[in-house]
Participant: 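Here's a structure for you.
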2 protein chains.
Amino acid sequence: MPLALYHRRMGMPPADRLGIDLHRADLELMAAKRLAVDPAGLTVPQYAALYVLADSPGISGAALARSCQVTPQAMGVLLKHLTERGLVERAPHRWHRNVLETRLTDRGRAALELADERATEVEQCLADEFTEAEQEQFRAFLNRAERALRHAADDLG
Amino acid sequence: MPLALYHRRMGMPPADRLGIDLHRADLELMAAKRLAVDPAGLTVPQYAALYVLADSPGISGAALARSCQVTPQAMGVLLKHLTERGLVERAPHRWHRNVLETRLTDRGRAALELADERATEVEQCLADEFTEAEQEQFRAFLNRAERALRHAADDLG
DNA sequence: TGACAGTCATCAATGCATTGATGATGATGG
DNA sequence: CCATCATCATCAATGCATTGATGACTGTCA
């Protein structure tokens, strides 16, 4: 076997892998958002949780986890940190004593608004790169990709 | 102030935030890849590292980190795990005694090929969702987004 | 009433990723 | 020759996220 072929190509050349471009773009997005929300003392997942919480006060941790697309365990840790820092409050539901209602505190709302101002700049910068029509095309591509990948996951599972 | 406006909208409505769609698609991609490489006993970042390593034997940990778009520290932990499991080997460079040359072991190569077979299926499933022309458009959108976001990060930093 | 399914919270183990700081090494230039 | 700079590895702290397992509670259905 020729040495030149020993380090042979894997199943598909990297340049053809759309997933690589998708992931690279997302890494850049997360890096920018991290920079944006950092001055507010928040991480990106914390910002996401507060953002949902602002529109859904009293939501359960599990429901919040679904909204943020993470597992309940991950959200539990995140909420524990936010509670310790006084950005959210959790209290047992009046009837369903098993669920902990979660709400923003004033400090939490303040941090969210500070973070959202800069996070919005990132989204605006992203939007400004595209015309309205392009944004629609881009969004459609992303949603089709998401759907295709969900089917791929179903097949593999 | 009317109660209906108390939970007021943040800076930009969620439906307008392209970043949300981008991130959701990436989450789905990562979930599918996770399922794909799991039977090989690998995580997605481990698969990525082995993939680069297969084409760049003897690369340094820091260079590998750059290729995989993570910090050297993150790559260090990852390589520590892979070394302990015998999937890669690390040895001091002959001249630059400070750098550790990293190489796949046979077991590492076997795991990579097993993982790559299924990971390629995911990429194929993604590619099959789009025509050739659409793939090029999609890729162009992603690269423009990446560029715009890098500039956004520069502005914020 | 009593079994069952669904939802919620939580503990534990593992792994990824970041910032910040430290120290070793090799190349560059005064 | 020595100072400086860049690169590399590594330690430590913090936080995100996953799977797996456990226990508590609600409501339903037999």
Side-chain angles (χ1 to χ4, degrees), chain A residues 23 26-39 41-50 58-85 87-88 90-102 153 157, chain B residues 23 26-39 41-50 58-85 87-88 90-102 153 157:
Chain A
H23 190 56
D26 189 62
L27 284 177
E28 211 62 54
L29 172 65
M30 289 299 110
K33 290 235 168 171
R34 189 159 44 244
L35 277 178
V37 303
D38 183 67
L42 297 177
T43 64
V44 176
Q46 285 169 353
Y47 163 66
L50 295 184
I59 194 176
S60 76
L64 191 53
R66 283 192 294 273
S67 280
C68 295
Q69 317 228 219
V70 300
T71 58
Q73 291 92 327
M75 187 52 68
V77 175
L78 193 155
L79 287 177
K80 185 163 170 288
H81 293 153
L82 290 180
T83 303
E84 285 164 356
R85 289 173 48 200
L87 300 184
V88 307
R90 311 190 75 188
H93 190 288
R94 191 176 307 265
W95 302 335
H96 306 255
R97 305 301 293 257
N98 202 25
V99 332
L100 286 178
E101 287 187 318
T102 306
Chain B
H23 190 55
D26 189 62
L27 283 176
E28 211 62 56
L29 172 65
M30 289 300 109
K33 288 233 168 170
R34 190 160 42 246
L35 277 178
V37 302
D38 183 68
L42 297 178
T43 64
V44 175
Q46 287 169 352
Y47 162 66
L50 294 184
I59 195 177
S60 76
L64 191 52
R66 282 191 295 273
S67 281
C68 294
Q69 317 227 221
V70 299
T71 59
Q73 292 91 327
M75 187 52 68
V77 175
L78 193 157
L79 287 177
K80 185 165 171 290
H81 293 151
L82 290 179
T83 304
E84 285 165 354
R85 290 173 48 198
L87 301 184
V88 306
R90 310 191 75 188
H93 189 288
R94 190 173 311 258
W95 301 337
H96 305 256
R97 306 302 293 259
N98 202 24
V99 332
L100 286 176
E101 288 186 320
T102 306

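Only a predicted model underlies this, so the values are computations on that prediction, with no experimental measurement involved. All values below come from the heavy atoms of this structure, side chains included, with hydrogens, waters and symmetry mates left out.
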Participant: Report the distance from atom CG of L27(A) to atom P of dT18(C), rounded to the nearest whole Å.
Facilitator: 8 Å
Participant: Quick check on contacts: within residues 65-73 of chain B, what sits under 4.0 Å from DNA chain D by heavy-atom distance?
Facilitator: R66(B), Q73(B)
Participant: Between L78(B) (CG) and dT14(C) (P), how many Å, whole number?
Facilitator: 16 Å
Participant: Could you grab the distance from atom CE of M30(B) to atom OG1 of T43(B), nearest 0.5 Å is fine?
Facilitator: 11.0 Å
Participant: Quick check for you: among dA9(C), dG15(C), dG15(D), whose closest atom lies nearest to any side-chain atom of L100(A)?
Facilitator: dA9(C)
Participant: How long is the line joining CE of M75(A) and P of dG15(D), in whole Å?
Facilitator: 15 Å
Participant: Using every non-hydrogen atom in the two residues, find where D26(B) and H23(A) come nearest and quote the distance to one decimal.
Facilitator: OD1-ND1, 2.9 Å
Participant: Using only side-chain N and O atoms of R90(B), determine if any of them is under 4.0 Å from OP1 or OP2 of dT10(D).
Facilitator: yes
Participant: Would you kindly give the CD-to-P distance between E84(B) and dT14(C), to the nearest whole Å?
Facilitator: 12 Å
Participant: Taking atom C1' of dC8(C) as reference, at what distance in whole Å does atom NZ of K80(A) sit?
Facilitator: 18 Å
Participant: I need the S60(B) OG to M75(B) CE distance, nearest 0.5 Å.
Facilitator: 10.0 Å
Participant: Check whether any side-chain N or O of R90(A) sits under 3.5 Å from a backbone N or O of L79(A) as a donor-acceptor pair, and report yes or no.
Facilitator: no
Participant: It should be established whether T43(A) places a side-chain nitrogen or oxygen under 4.0 Å from OP1 or OP2 of nucleotide dC16(D).
Facilitator: yes
Participant: From OH of Y47(A) over to P of dC16(D), roughly how many Å is that when rounded to an integer?
Facilitator: 16 Å
Participant: Nearest-Å distance, CD1 (I59(A)) to P (dT7(C))?
Facilitator: 15 Å
Participant: Look at the side chain of N98(B) against the base of dA24(C) and say whether a donor-acceptor pair falls under 3.5 Å; ignore hydrogens and angles.
Facilitator: yes
Participant: Roughly how far, to the nearest 0.5 Å, is CD of Q69(A) from CD of E28(B)?
Facilitator: 7.5 Å
Participant: Remember a base hit wins even if backbone is also touched, and classify G76(B) as base, sugar-phosphate or nothing at under 4.0 Å, heavy atoms.
Facilitator: nothing
Participant: Run through V37(A), L78(A), L42(A) and flag the one making a side-chain contact (heavy atoms from CB on, under 4.5 Å) with L50(A).
Facilitator: L42(A)
Participant: Go nucleotide by nucleotide along DNA chain D from the 5' end; which of R85(A) and V99(B) gets its closest nucleotide reached first?
Facilitator: V99(B)
Participant: Can a side chain N or O of H96(B) be found less than 4.0 Å away from OP1 or OP2 on dA9(D)?
Facilitator: no
Participant: Whole-Å distance between dT26(D) C1' and H93(A) NE2?
Facilitator: 12 Å
Participant: Check whether any side-chain N or O of H93(B) sits under 3.5 Å from a backbone N or O of W95(B) as a donor-acceptor pair, and report yes or no.
Facilitator: yes
